[in-house]
Amino acid sequence: MDKAARIAYINEQLPPCIQVLHGQVADIDPEAGECEMHFEVSEQFCHSVNVVQGGNVTVMLDAAMANAAFMMADDVVALPSLEIKVSFLAPTLAGPVKAFGKVVKLGGSTAFLEGTLVNGAGEVSARSSSTAKLVRRK
């Protein structure tokens with residue numbers, strides 16, 4: 001499967017929690033363990049006028065990190081988070097948002113991941129790190 005077909009396949013399989021934020025995988029680099037996702041967040045996911053609620057920021061980061069890990073290991077069927085940390089650096093406002101996920105280390109049963117969220121103004125608005133369990137196909 002070529003890169004474009006793989007991205008299209010992933011986007012067809014995205015769960016509702018990503019679809020509701022209008023999330024799509026935009027680019028992947030399986031060898032580097034990287035994934036770029038684009039979101040179009042509506043004001044219904046905001047508080048304090050137009051600021052995206054922190055749980056939704058976390059969802060976007062988690063999705064990009066998880067998809068980066070899925071790209072590196074074809075036999076991974078689930079990737080439950082064991083730990084996730086998010087640092088909120090600037091407001092994320094409704095509108096276009098980009099999330100970048102990267103695999104730091106992929107072990108036999110554990111993945112170490114990092115994420116970066118870029119708001120519509122082009123500023124890094126959040127960074128994350130995560131430890132996740134690799135559930136592999138038997």
Which pairs would a plain distance check flag for residues 91-115, meaning a side-chain donor or acceptor within less than 3.5 Å of a matching protein atom at least two apart in sequence or in another chain?
from, atom 1, to, atom 2, distance (Å)
Thr92, OG1, Ser125, OG, 2.7
Lys102, NZ, Ala32, O, 3.3

*Do you know the tightest heavy-atom contact between Cys46 and Val49?*
CB-O, 4.0 Å

_Passing candidate, side chain to side chain contact (heavy atoms under 4.5 Å, CB included) with Ser128, options Met65, Lys85, Met60_ = Met65

Identify all side-chain donor-acceptor contacts of residues 8-25 below 3.5 Å with residues at least two apart in sequence or on another chain.
from, atom 1, to, atom 2, distance (Å)
Asn11, OD1, Val25, N, 2.6
Asn11, ND2, Ile7, O, 3.3
Asn11, ND2, Gln24, OE1, 3.3
Asn11, ND2, Val25, O, 3.1
Gln19, NE2, Leu14, O, 2.5

*Please check if the side chain of Asp29 supplies one atom and the backbone of Gly33 the other of a donor-acceptor pair under 3.5 Å.*
no

*Going only through I, L, V, M, F, W and Y residues with side-chain contacts under 4.5 Å, is there a path from Val59 to Ile84?*
yes

*Can you tell if the side chain of Phe88 reaches within under 4.5 Å of the side chain of Thr58, non-hydrogen atoms only?*
yes

_Spacing of OG belonging to Ser87 relative to CG belonging to Leu61, to within rounding of 0.5 Å_ = 10.0 Å

*Do Phe45 and Leu117 sit in the same hydrophobic cluster, where Ile, Leu, Val, Met, Phe, Trp and Tyr count as joined when their side-chain heavy atoms come under 4.5 Å apart?*
yes

*Taking the side chain as every heavy atom from C-beta outward, state whether Ile28 and Glu36 have any atom pair closer than 4.5 Å.*
no

_Under 4.0 Å between a side-chain nitrogen and a carboxylate oxygen: does that hold for Asp74 and Arg6?_
yes

*When you look at Val135 and Val76, which way does the side-chain contact (heavy atoms from CB on, under 4.5 Å) test go after all the steps?*
CA-CA 6 Å; Val135 179; Val76 173; 5.8 Å; no

*Which heavy atom of Ala63 sits nearest a heavy atom of Phe39, and at what distance?*
CB-CZ, 4.5 Å

*Could you go step by step and tell me if Thr116 and Arg127 meet the side chain to side chain donor-acceptor pair (under 3.5 Å) rule?*
CA-CA 5 Å; Thr116 302; Arg127 290 199 187 269; 3.1 Å; yes

_Among Lys138, Arg136, Arg137, the one residue meeting side-chain hydrogen bond (donor to acceptor under 3.5 Å, both in side chains) with Asp75_ = Arg136

_Contact between Cys35 and Asp27 at the side-chain level, heavy atoms closer than 4.5 Å - yes or no?_
no

